[in-house]
Structures are given as C-alpha cells and as structure tokens.
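First the structure, in the form of structure tokens, and then the observations on it.
Values below: every heavy atom of this structure, side chains too, minus hydrogens, waters and symmetry copies. Chain naming here is simple, since letters A, B, ... match the order of the sequence lines and numbering starts at 1 in each. Just so you know, these numbers come straight off a predicted model, no measurement behind them.
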2 protein chains.
Amino acid sequence: MSAELWLNQLHENGYRVTAARRAVVETVEKSTRALTPVEVYDLSRKKYRALGLVTVYRTLEKLEELHLIQRVHQPMGCQAFISMGQGHQHLLLCQNCGQAAFFEGDDLEALTKSISKKTGYQIQEHWLQLFGLCANCR
Amino acid sequence: MSAELWLNQLHENGYRVTAARRAVVETVEKSTRALTPVEVYDLSRKKYRALGLVTVYRTLEKLEELHLIQRVHQPMGCQAFISMGQGHQHLLLCQNCGQAAFFEGDDLEALTKSISKKTGYQIQEHWLQLFGLCANCR
DNA sequence: TACTTATTGACAATGATTTTCAATAACAAA
DNA sequence: TTTGTTATTGAAAATCATTGTCAATAAGTA
Ligand SMILES: [Mn+2]
Ligand SMILES: [Mn+2]
Ligand SMILES: [Zn+2]
Ligand SMILES: [Zn+2]
C-alpha cells in the first residue's frame, strides 16, 4: 500500500500519475532486492504491457530525485535500485540471491573524529554496506 | 619508485613490461585521486604519445586483477580507479577535489555481530567509505 | 641474434543510456 | 462533464563507454 504513498509524492511534486509510473512504482516498492532498469521493465510489463524501457529509466530518475529509491553499488555493477530505507539506514546484501536488509545503529562517531584529526579532512558523509549470505542461502 | 614494483608484479605474473604499460602504471601509481580510464589516457599520453585508449582499459583490467588498484564508487560515477592501500584500508574522499586518503582502524566487530544475530545473515564483507573536504578545500 | 607469441593501436561492434519527436492522456479549470 | 494545456509516452535514432577483432609489432627467452 506504500506504493500509493510514492504516487502521492510524485503528484505532490507536480508529476502526473500514469499507468506506466504506477506499474514501475508497484514493482520497485515491493521488491526486497535491488533491481536493474531491465529487471524493472520486465517485471512491470506484467502489470502494464505497453510500458517502454525508456519510461522505466525516466521514472527511476524521478524516484531517485525524490529520495524514494537509491542506487545500490555492488562489485558486479552499480545500476540497480532499491527503495530508500527510513531515516539513517544502511544495506546488508546477500551475495547469493541479492536479498537486501536494512540496518541502523552504526556508530562511527569515534572513528570519524579520529580520522578527521589524523587526516585534516572535515568528514561529512559515510557509506557503509555489508555483504554476506542471507538465512536462506547460508 | 613503487611503479617499478607494479611492473615487477606484472612481469612475475607472466605479463610483459611495455612502454604503454609503463606509462599507465606510472600515472595511476602516483595519483592521489581516483582516475577514470580517459583521465589515465590523457595523463599517460604525455609520457607515451602513441598510447591507445583500449590499452588503458586492458592495463587497468590487469592491475585490478593483481589487486594493485581498486575501483572507486562515488555518487557521480563508479568508473574510477586508484591504487590499492596496504592491508585492510578504506577510502576517505574529498567531495571537492577528489583527493583520496586511506584510513584503517575501523572496528565493526560489535556491529556486524549484532546485525548478524538480528537478521540471520552470515556477514562476510563490508564496504566503508568516508566523504568530506580535505584540508585544502575546507 | 632469432624465434615465439603476448601486446599493441586502429577500427568495428556492442550494449546501455539518452535524446528527439509526434501522438496521447492527466488533470486543472471552466 | 467538457475542454484546453501541456507533461508524459513509446518508438526510433543518437550518443557514449566499453569490448572484440585483427594484422603488425616488439618483449623476452633461448
Ligand atoms: Mn551510518
Ligand atoms: Mn573495514
Ligand atoms: Zn540469499
Ligand atoms: Zn579537496
């Protein structure tokens, strides 16, 4: 049902709610693993057969812009997207099936402060991502 | 002088040491920021004018395979390479000029153990990267 | 010095993403 | 509801980065 929220977000930001966007949003929002544009295309076309790949690219672009999805970087490639977690969260990815889990509670305060002093950098952001095997795949 | 070490590594692994590879290695090894293939090409051609871009791609491929360089992921793109740090290190990147610094000493034991118990994942690897402003740019 | 063959750069081919464009449909206003 | 404006669409073409092909060259060993 959160797909409706995403569509609201689009609407509130002046974008129109179309059948194409509906299909893409429903696909991406409910996925528990990162999807590439082509994967989104294939899955979404089951809901809306006339969908074009170009529209998938354009819709993903807008969802990213609205911070509803995020790009997922992996050793094998960086063109996959997954819904954005709530608040400050990071990703834990299964190296076998791609299943994603969000986690929070990382405390890098001490580390960044120490690194900052050591290097002279003013630290503003961090990327943290864990890889492993999910309960099913281990 | 570490460029010589890289060339040795290539040689020891059955690869020939050529003028093209020498130019690429010298460029990448001494860079303190991540370079894209085209950047490597442009910089290296100052040392070896006949160099082809294709050779840059192929050389980077081999350097990565020998773990002498690593791919650097950034919001703006993921096709840049930088020398691999010694041992278990992570990158701290300047968001303004790209200047890179390595750091170590991150302790994620407690976190991964907790996440592992909570999610059921068996955690095997982690990516950590810091972004900020270097001493010059802040 | 000679010989084997890995490596080279030019060019072509591929694959992913972006741009163009005329037709369509969303939606605000009447 | 009807209408008018214009954002959005899919198809096709264009672009861009990366990879493959190939004959000529040169590295490294004997
Ligand atoms: Mn964090
Ligand atoms: Mn670490
Ligand atoms: Zn799994
Ligand atoms: Zn800087």
Side-chain angles (χ1 to χ4, degrees), chain A residues 3-4 6-28 34-66 69 71-81, chain B residues 3-4 6-28 34-66 69 71-81:
Chain A
E4 287 307 319
W6 289 27
L7 295 170
N8 283 347
Q9 281 293 309
L10 282 169
H11 197 194
E12 283 168 22
N13 284 82
Y15 296 119
R16 294 179 182 174
V17 175
T18 68
R21 286 176 178 165
R22 206 177 280 277
V24 169
V25 162
E26 281 171 8
T27 297
V28 177
L35 300 174
T36 64
V38 171
E39 286 174 327
V40 172
Y41 174 68
D42 289 336
L43 289 169
S44 302
R45 252 161 57 90
K46 291 177 181 165
K47 303 185 171 89
Y48 181 62
R49 184 50 57 101
L51 180 66
L53 178 57
V54 182
T55 300
V56 172
Y57 276 97
R58 292 188 283 223
T59 303
L60 291 175
E61 202 171 73
K62 286 175 180 58
L63 293 178
E64 190 179 21
E65 168 193 325
L66 295 179
I69 63 174
R71 183 181 295 272
V72 176
H73 300 260
Q74 285 180 273
M76 42 169 295
C78 306
Q79 16 285 149
F81 296 85
Chain B
E4 289 306 318
W6 289 27
L7 294 170
N8 284 346
Q9 280 293 309
L10 283 169
H11 196 196
E12 283 168 22
N13 285 83
Y15 296 119
R16 294 180 182 174
V17 175
T18 67
R21 285 176 179 165
R22 207 177 279 278
V24 169
V25 162
E26 282 171 9
T27 298
V28 176
L35 300 174
T36 64
V38 171
E39 287 174 326
V40 172
Y41 174 69
D42 289 337
L43 289 170
S44 302
R45 253 162 56 90
K46 291 177 181 164
K47 304 186 169 90
Y48 180 63
R49 183 50 56 104
L51 180 66
L53 177 57
V54 181
T55 300
V56 171
Y57 275 96
R58 291 189 284 222
T59 303
L60 290 175
E61 202 172 73
K62 286 175 180 57
L63 294 177
E64 189 179 20
E65 168 194 323
L66 295 179
I69 63 174
R71 183 180 294 271
V72 176
H73 301 260
Q74 285 180 274
M76 41 168 296
C78 306
Q79 14 285 148
F81 296 85

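- Contact annotation: A/His11 reaches the phosphate of C/dA28 (side-chain N/O to OP1 or OP2, under 4.0 Å).
- OP1 and OP2 of C/dA6 both lie 4.0 Å or more from every side-chain N or O belonging to B/Thr18.
- Within 4.0 Å (heavy atoms only), B/Val38 reaches no atom of the nucleic acid at all.
- D/dA17 atom C1' lies 14 Å from atom CG of B/Leu60, rounded to whole Å.
- We find that A/Glu26 and A/Arg21 are not joined by a salt bridge, their nearest charged nitrogen and carboxylate oxygen being 4.0 Å or further apart.
- Rounded to a whole Å, the OH atom of B/Tyr57 is 17 Å from the C1' atom of C/dT8.
- Spacing between atom CG of A/Leu7 and atom C1' of D/dT8 amounts to 15 Å, rounded to whole angstrom units.
- The nucleotide whose nearest atom lies closest to any side-chain atom of A/Arg16 is, among C/dA6, D/dT19, C/dC27, C/dC27.
- Closest approach of A/Ser44 and A/Val24 over heavy atoms only: OG-CA, 3.6 Å.
- Set against C/dT19, C/dT8, D/dT19, the side chain of B/Val54 has D/dT19 as its closest nucleotide.
- Atom CG in B/Asn13 sits about 14 Å away from atom P in D/dG28, given to the nearest Å.
- Rounded to a whole Å, the CZ atom of B/Arg58 is 11 Å from the C1' atom of C/dA6.
- A straight line from CZ of A/Arg45 to P of D/dT9 spans 16 Å, rounded to a whole angstrom.
- Checking the phosphate oxygens (OP1, OP2) of D/dA7, no side-chain nitrogen or oxygen of A/Arg21 falls inside 4.0 Å.
- Within the nucleic acid shown, A/Tyr41 has no heavy atom closer than 4.0 Å to any nucleic acid atom.
- Atom CD in B/Glu12 sits roughly 19 Å away from atom P in D/dA27 (whole-Å rounding).
- In this structure, CG of B/Leu53 is placed 13 Å from P of C/dT8, rounded to the nearest angstrom.
- Residues B/Val28 and B/Trp6 come closest through the heavy atom pair CG1-CZ3, 4.1 Å.
- Here the shortest heavy-atom pairing between A/Ala23 and A/Tyr48 reads CB-CB, 3.8 Å.
- Within 4.0 Å (heavy atoms only), B/Ala19 reaches no atom of the nucleic acid at all.
- Side-chain contact between B/His73 and B/Gln79 is absent, with no heavy atoms from C-beta onward closer than 4.5 Å.
- For the pair A/Gln79 and C/dA16, the criterion of a side-chain N or O lying under 4.0 Å from OP1 or OP2 is not met.
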